[in-house]
Every structure is written in structure tokens, then in C-alpha cells.
Amino acid sequence: MPSLHARAHAHAHAHGASAPLDGRLPMGSSGTASHPVTVDSQSLLRDGRPWIPVMGEFHFSRYPAAEWREELLKVKAGGIDLIATYLFWNQHENTRGTLRFDGNLDVRRFVTLCGELGLDVAVRIGPWSHGECRNGGFPDWLATADCTPRTDDPAYLALVEPYYRRIAHELRGLFHDDGGPVVAVQVENELYDQPGHLATLRRIAEGAGMRAPLWTATAWGAAELPRDALLPLYGGYPEAFWEDAHEGWTREMRRHYFFTPIRDDHAIGADLRPSTPADTDTDTDTDTDTDTDTDTGTKTDTSTCTSTATDPRRYPYATCELGGGMAIAYHRRPLVPSQDITALALTKLGSGSVWQGYYLYHGCSQRMDLKEPNQESHDSGYPNDLPTVTYDFQAPLGEYGQVRPSFHGLRMQHLFLRGYGAGLARMPLWLPGTGPASLDDRTTLRWAVRSAGDQGFLFVNNHQPHENLPSHHGVRFRIHLDDGDGRTVTLPAQPIDVPSGAHFVWPIGLDLGGGLRLAWATAQPVTRLDMDGTTLTVLAATDGIPASLSLPAEVEVEGPARVERGADGTLVTVDEPGTGALLTLTTPSGTTPPCTTPSGITPSGTTPPGTTPSGTTPPGSARVLVLVLSHDEALRLNRLHVFGEDRLVLSDDVALADGAELRLHIASPAPSIALLPPPTALHGPGIGRPAPDGVFTRWPLRPAPYLPQPVLQCLRAEAVAAPARTGGPRERASAPREEDFDKAAVYHLTVPASALGGDGEVLLRMRYTGDAARAYIGGQLVADHFWYGPEWEIGLRRFAEAAVRYGVELRVLPLDPTTRVYVDASAREGLDAARSRAAIEAAELVAVPRTTLTSSEPRH
């Protein structure tokens, strides 16, 4: 078998990781906080318990306020527990001296709503924010002020202070110490060489009345931060719209698919920095034999402001910008599949992250009610031209709330963190003795271990974008645990093949409840649920790899599995993972009281000889349950508190809990929902009769209605491409201008009023040939698009009245043959066609209705 021996990358004590450094960061809740949040050098803690926040970025000011609540519920259903949001100065003070916090700019309403829904908030207050916003969020009038922005120039600070005071006023009573949801404040963004100014901004914010247990700053690009005043936050993206329009993958993004203790990333925002730091060696950043001394508890002298990337001893590994997707610029239009997002997120967890933050998690739109366009563009001095309206970001939840495959893929990881994050947070990183040679290494299997004592998790990633990694054959892992006894765990029992594209986490020493430990499993922990005093652990099989569990020798196993007993224990293999693959594990225990199989669960499969029939447990023994789902089923799984208790929910559609209601946004062709445990009754429009689905109970639901379709009329077929132009400091291809669309192909789409009669979203979904397209309703630009492969979608609900009255005008431009534009190789043929044609090929209206389910007899 391959030599896959894990050893500590960072020097560790012989009998465990070093104790965390605490008491030196000027952060944490006050003594009056009901649920204190604190931080030390290893992790965040809530109520004294380690906490891995799962943070998703959602920009309130770029989304209709009327839809905030429903979208936040969807975000929460995806496993997010902390909302990050920017405040853009140029939106709140577009005219100097006039501050607006009304309508969609009402940050108080948004944060209050987050708190009501059980979501914490991290406010990113700028003053410079970026976020692909015009001038990074600086108002245009600031350029005429006699000051030096982003410094401690008194004239600049005099402009910042009243803005900060107004933010503090809007958020009064909503900070964590007051019982509110605001647990973190980020000052500035991507500021690399003004540590003193960052400290000043925190001081001004606190002086204005902002109180938060956590104060943060972005640290990528070897940023210099003030010592211990701000937590450094990092990021990593699968692609980069801010690169040149060269063919192929952005090279620097390869690093995010390797396990490494190096937190920094010099690629994010590189187009806005003068240069990459001179001491950066992009190939050796993945060198897993470079030691970092992290086992000492002595404090290193950092009395000068230094790059936090060189001193990971002092801070936990926290992120705020893991790519939930990627924006589209005119010159570079990356395509980001779900697996690129989930593999990156998993690799960061395996590399030691204790704060998973995604940018963006929910797409949105640029504001169109300001005096000037609000997007990043060549006209405002940026290297990149972005769409005037669309800021979808290919995010897990799209610009109009569309649910993407990455939503489901990330949710499976978030369920894992909800169930096991407290233990993972205190587990240091261990890496193999021989790691990848460089960013171009495609042959070395990428894996890591996070463990402490006799428990841990094995992380494996065999996926990266653009280039398929090879399968690995005959693999076993030998892991040396730092448990004081020098114990070695070898898994699996027989060599396995790791398929190309696979990325997963497997448990070591997992507590199944009732005093029973799982030695290891070749299946991913998803969640655990206590039902009627019995613990149910849900595992997800890894496609292409047998799902095996290694258990103590005395454990009796009931259920659909092969059981092999040996001197070292019991090996259980589930050949057909699924909703019926429920295992009942019974073990003698003199200290554990008897229990029975919970109501609502019927174990399936035969009873092996020597075991006890389902539903009873011999006195003095302990019983736990393990359900092994297929990978696809695990992607459809959620855990929601609904109808009075926590339940497992299986659905192809997003399901969310809203008080006493269970609501689904129906997008699948044959919708249904399965629950465990099932409620005594389930009611809703169009709901069918329940039927068993393994240990779940499944109800069929009414599919989305087929809407009356629009009438598409071509008003002008001839089109003239916008002339090839370049602009910005990098002289990249410039997007067509407003006047260029006067020569576009023009279509009019008539929207039937009856199509917009429901309460859910109605998507206008279009397939077109062209370079760039715009949509107008009543003469107002409402959406735009640079072609990059997927169909173009516009949510019509927010424009419903005007769309029915005026219809939708669509304008499409072909591509000038000399314009240099990058698209993914899979979409190249489509863009080439745009060099000679511009046309709307098809348009349809697609309903995404909301179905609300209730239970007349909730269980408590």
C-alpha cells in the first residue's frame, strides 16, 4: 500500500497539542452577556464551548427588503448561523451630508430580522469595502474632499466619524452584549500597509458606540495588522474574474485544493495591489515539510505591526471569503461547478479552519437608484468591467434566490460542523510526511488529519477545477494518534480506490452515544439526532468506496450489513447505503440504562444470529442507531426543528422551518418530502398519502404549475457588435456601453398576467447566442448578462406589475472577433458562435412556488 503516514506538520508535544493562548486579545463579550463569545489562539468559544461559525455573505442593501425574511430563512436552512454583510458608504451617503438608512438601506431592520430568526451578524462597516462596488464603496464626493483616504489623516477621519456614529445609532441595542445578534465588526477591507489606521478605525467605531465581542480585518496579501487588535481573516476562491483573459485556470487558485497550514493568499485582490510581496514563492507554499513552531505557550514579541500570516500561534484560523462562487467580469467569465466550491471548503476545514466564511453565499443586484452606476468598472478606474446590475456570483443562492447544487453540497458539510464542530475546533492539523511537490503536483494523494487524543477526522481531497485528478488505487491510511499510547490506526481494513473528484471526511474514534465508540468509518459523518433517549448517527457513503465501520468486538449488529468478526474488532460493511440502511448497535454496559428503539423508526433488514429482535434492549446494555445514506441522499438531507422537535428532512427542494410551518420552494419536477421521525399528521395543499421510504415517511407534493408562456417577438434581428475597446489600468477588454445597445438585436416579450399570480418566484429563463445582453422593463434597465454558458435567468416577482404592463425588452449584442474574452473551455463553442450571431433562441417562464406544510398534532 502507499506510504501514507501522518505526522505533525507543526511541532506538537508528545502527548497532545499545546494549550491555547488566551487572555491577551482585547475581545470577547462583557460579563453581562447572556451567551458570552470569546476567542483564544485556537478557536472561538460560545458559552465556554468551542464554536465553528458558518458565515455566509448576504448584502441587504442589494436585495429587496420585502424578500429579506424568506431569503434569510433559506440561508439558515443551508446551515449558515452567521450573516456577514457590507455597508457601502456611497449607498448610505450618496450625497454628502445626507445619510440614508431607509427602505433597502435599513440595516437596523435587517439585523433585527436576523436576530429574530436566530442568526448572528458580522457587519463589515468599511469605510472602504470593495465588494465589486463603485470606488470600493467610497462616495464620489470623497474624491473632491481635501483629505487622504484610508489613512489617519485628520481630515479623512473627520468624514468617517459621523458615518460611523450613524451606523452605531442604527445598530443601538443590537450588539451582542445587549442581547442582540451583532457578534463581529470588520473595519476596512483589503488594506495591506496601514496597521495604525486599522487600529484607529476600531477605536473610532467603539467610541461611536459599537460593541462587539469580535473585531476583524482581512489579512490576505501579507497584510500588516495591528498587534492583537483585530482577528485576521483569510479567504480563497476557485477562480478569479480579476485575472487577465488568458486561457486555462488561474494558477494561484490551485493552492486552495491542497492541505496546508499556510493561511495567506496573495491572489485575492491582487489586481488592486501594486505587486505580490517579493518574498512570496508560489510553488513552495504547499511544501508540507516546512515546520511552524506552534507548541510553545510563550508569547512571541510582536510589538511592531507585522503580517499575521507569519505568526499563526496567536490567532485561530478564520476565514471570511471562501468562494461561494465567482463573479463574471466582461473580459474573464469563469464557470464554477458545485464540486469546485465544496472541495475548496472541505480542504480549508482539513487545513485547520475554525471559522468558515463564504463570499458570496447569496447573490444580489447592484443598486440602480443612485446618481451614478454602482458597479466596479473601467469608468471608475478599476481593472475590470462588471455587469451594471447583476451580481449573482454563481452563489449557492442566486441573485433571485435560486437554489444551486452548491447549496446542497455545502449544507452537508455544515450539518457535520453543527454536530461535530465543537470537537473539531480544538483538533490541530497533522499532515503526511511527504506532501505535494508544488502547485502542479497532480499525482500525490492530498489528505490531512485533524485529531486530538484518540479522536479525529481524516480529510481527503481528490478534486480540483479544470484538471481531473487521477484516481488512486490500493489506498490505506496509517495514522499515528497523539493519545499518549502511540496508537496507530490503519484504515480501511482492505485497500480501496479513491476516485477522481472524491472529497470527503471520515471519522476516527467517533462517539456514537451510549458509551460506544466507532474506531473508524469509510463514510462521512453528517449529523446526529437524539430521539426518545436513543442517539441516531447519520453517515454518508462516499461514491465508489465501500461504506465500512470498525466497531468493538463485543458489539452486536442488527440491520442490512455484512458483519465480519476478528481479533481486533467487528467490521461492518453496508453494501447498499440508503434510507433503509439502519443499523442497530448493541453493546453490554453495566452503567448505561436500558433503552428501546425510538417510536417512528422501524429498523429494516434481517436480524443476524445471536442478536436481539428490534425494539428491545437487554437489561444493562446500550443501544445506538446508525443510518448510512448514499452520497446523493445525504445531499438532500437537512435537520430542522419543526412541529415541536428536531427532525431529519429529505427533499430535492429547499425546505425551511418557519415557526410552526415547514415550507418548501418547489423547483424539482416530482417534489416530495420525507421526515424522520414523522409527525402524526401532515397537511398542505396538494399533499399526497404518506408511504414508507426506508426508515423515513415520505409525502408526495404537488409539482410547480406549468405557467402560461410568454410571447417572444423579434423587433430587430440585425445587430452590430460593440467595437473592441480596452480600459482600466490593465488595459483589459471593456464591456459594451449603453449606446452600443442601440445597435443590438431587439426582442419584446409579453408576460401573461396569470403567470405572476402566485406568491413564489417566477423565473424568466432564456437561452441566447451573443456576447452581452440587457433586459428593460418600462424603459428601465433591470438586468444584464455577459454570456458564459449557463442560461440567463431573471426573477420577475419584484417587477411583476411593470412586467405585465410593459413586457420585457431584450437587447443582445454579438462579439467583436478581435475582443479578447475568456470563458470556460466547455463554453468556448457558444462564445465563438456569438462572433457572427446575436439572438434570443428560447424564453420560458418557470414557477418556483412555495408550499407550506403544517401538522395538526405537533410532538413535543
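Remark: the Ser43 side chain and the Arg426 side chain contain an N/O donor-acceptor pair separated by less than 3.5 Å. There is no side-chain donor-acceptor pair under 3.5 Å between Arg476 and Thr490. One side chain, Thr342 or His503, offers a donor N or O that lies under 3.5 Å from an acceptor on the other. Side-chain contact annotation: His362 with Glu57, donor-acceptor N/O pair under 3.5 Å absent. Side-chain atoms of Arg528 and Thr537 include no donor-acceptor pair closer than 3.5 Å.
Aromatic ring centroids of Phe504 and Phe459 lie 6.0 Å or more apart. Between His414 and Tyr358, the distance separating the two ring centers is shorter than 6.0 angstrom.
Rounding to the nearest 0.5 Å places CZ of Arg69 at 13.5 Å from NZ of Lys74. Atom CG in Leu539 sits 7.0 Å away from atom CG in Leu518 (nearest 0.5 Å). Between Thr527 atom OG1 and Leu536 atom CG the span is 8.5 Å, to the nearest 0.5 Å. Remark: Leu510 CG to Gln455 CD distance equals 7.5 Å, nearest 0.5 Å. Expressed to the nearest 0.5 Å, how far OG1 of Thr542 lies from CD of Gln524 amounts to 6.5 Å. Note that the CZ atom of Arg450 and the OG atom of Ser353 stand 7.0 Å from one another [nearest 0.5 Å].
Under the 4.5 Å side-chain criterion, counting only non-hydrogen atoms from C-beta, Leu397 is in contact with Val403. Using a 4.5 Å heavy-atom cutoff, the side chains of Leu214 and Val37 are in contact. With contacts defined as side-chain heavy-atom distances shorter than 4.5 Å, the pair Asp646/Leu640 does not qualify. For the pair Thr579/Leu629, a side-chain contact is recorded, criterion being any heavy-atom separation below 4.5 Å from C-beta on. Counting only heavy atoms from C-beta outward, the side chains of Leu424 and Leu417 approach each other to under 4.5 Å. For the pair Pro499/Asn462, no side-chain contact is recorded, criterion being any heavy-atom separation below 4.5 Å from C-beta on. Val475 has its side chain out of reach of Asp497: every pair of non-hydrogen atoms, C-beta onward, lies at least 4.5 Å apart. Side-chain contact between Ile479 and Trp430 is absent, with no heavy atoms from C-beta onward closer than 4.5 Å.
For Tyr361, there are no ring-ring contact (aromatic ring centres under 6.0 Å, His included) partners two or more places apart in sequence or in a different chain.
Counted within 6.0 Å of CD on Glu661, heavy atoms from surrounding residues, nucleotides or ligands total more than 12; the atom is thus considered enclosed. No more than 12 heavy atoms of other residues, nucleotides or ligands shown are found within 6.0 angstrom of CD on Glu576. Taking a 6.0 Å sphere around CZ of Arg49, one finds it holds 12 or fewer heavy atoms contributed by other residues, nucleotides or ligands. A 6.0 Å sphere centred on CG of Asp47 holds more than 12 heavy atoms belonging to other residues, nucleotides or ligands.
A donor-acceptor pair is defined here as one N or O able to donate and one able to accept, closer than 3.5 Å; no such pair exists between the side chain of Thr319 and the backbone of Leu322.
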Item to complete: Walk me through it: do Arg562 and Asp575 pass the test salt bridge (charged side-chain N to carboxylate O under 4.0 Å, His left out)?
Response: CA-CA 8 Å; Arg562 290 184 288 115; Asp575 293 315; 2.7 Å; yes
Discussion item. Apply salt bridge (charged side-chain N to carboxylate O under 4.0 Å, His left out) to residues Glu71 and Lys76 and explain how you reach the verdict.
Written reply: CA-CA 9 Å; Glu71 297 309 304; Lys76 185 177 180 180; over 6 Å; no
Worksheet item: After noting the C-alpha distance and the side-chain angles of Phe477 and Trp447, does the key distance pass the ring-ring contact (aromatic ring centres under 6.0 Å, His included) rule?
Response: CA-CA 9 Å; Phe477 301 90; Trp447 66 291; 5.1 Å; yes
Discussion item. Test side chain to side chain contact (heavy atoms under 4.5 Å, CB included) on Ser351 and Tyr317; report intermediate values, then the result.
Written reply: CA-CA 9 Å; Ser351 295; Tyr317 185 4; 4.3 Å; yes
Practice prompt. Apply side chain to side chain contact (heavy atoms under 4.5 Å, CB included) to the pair Leu656 and His665, showing each step before the final yes or no.
Written response: CA-CA 9 Å; Leu656 54 90; His665 289 239; 3.9 Å; yes
Worksheet entry | Worked check of side-chain hydrogen bond (donor to acceptor under 3.5 Å, both in side chains) between Arg636 and Ser651 | CA-CA 5 Å; Arg636 300 196 293 270; Ser651 178; over 6 Å; no
Item to complete: Might you work through the side-chain hydrogen bond (donor to acceptor under 3.5 Å, both in side chains) test for Asp652 and His408, ending with a clear yes or no?
Response: CA-CA 9 Å; Asp652 289 331; His408 301 287; over 6 Å; no
Practice prompt. Let me see the working for Asp511 and Arg517 under salt bridge (charged side-chain N to carboxylate O under 4.0 Å, His left out), right down to the final yes or no.
Written response: CA-CA 5 Å; Asp511 180 10; Arg517 284 280 190 92; 5.1 Å; no
Practice prompt. Apply side chain to side chain contact (heavy atoms under 4.5 Å, CB included) to the pair Trp699 and Arg689, showing each step before the final yes or no.
Written response: CA-CA 6 Å; Trp699 285 261; Arg689 295 176 63 86; over 6 Å; no
Fill in: Verdict with supporting geometry, Leu675 and Leu648, side chain to side chain contact (heavy atoms under 4.5 Å, CB included)
CA-CA 6 Å; Leu675 299 175; Leu648 300 182; over 6 Å; no
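Of all heavy-atom pairs spanning Gly409 and Leu635, the tightest one is CA-CD2, 3.7 Å. Here the shortest heavy-atom pairing between Leu637 and Leu415 reads O-CD1, 3.5 Å.
Applying side-chain contact (heavy atoms from CB on, under 4.5 Å) to Arg698 and the options Pro678, Ser672, Pro692, Pro690 leaves one that passes, Ser672.
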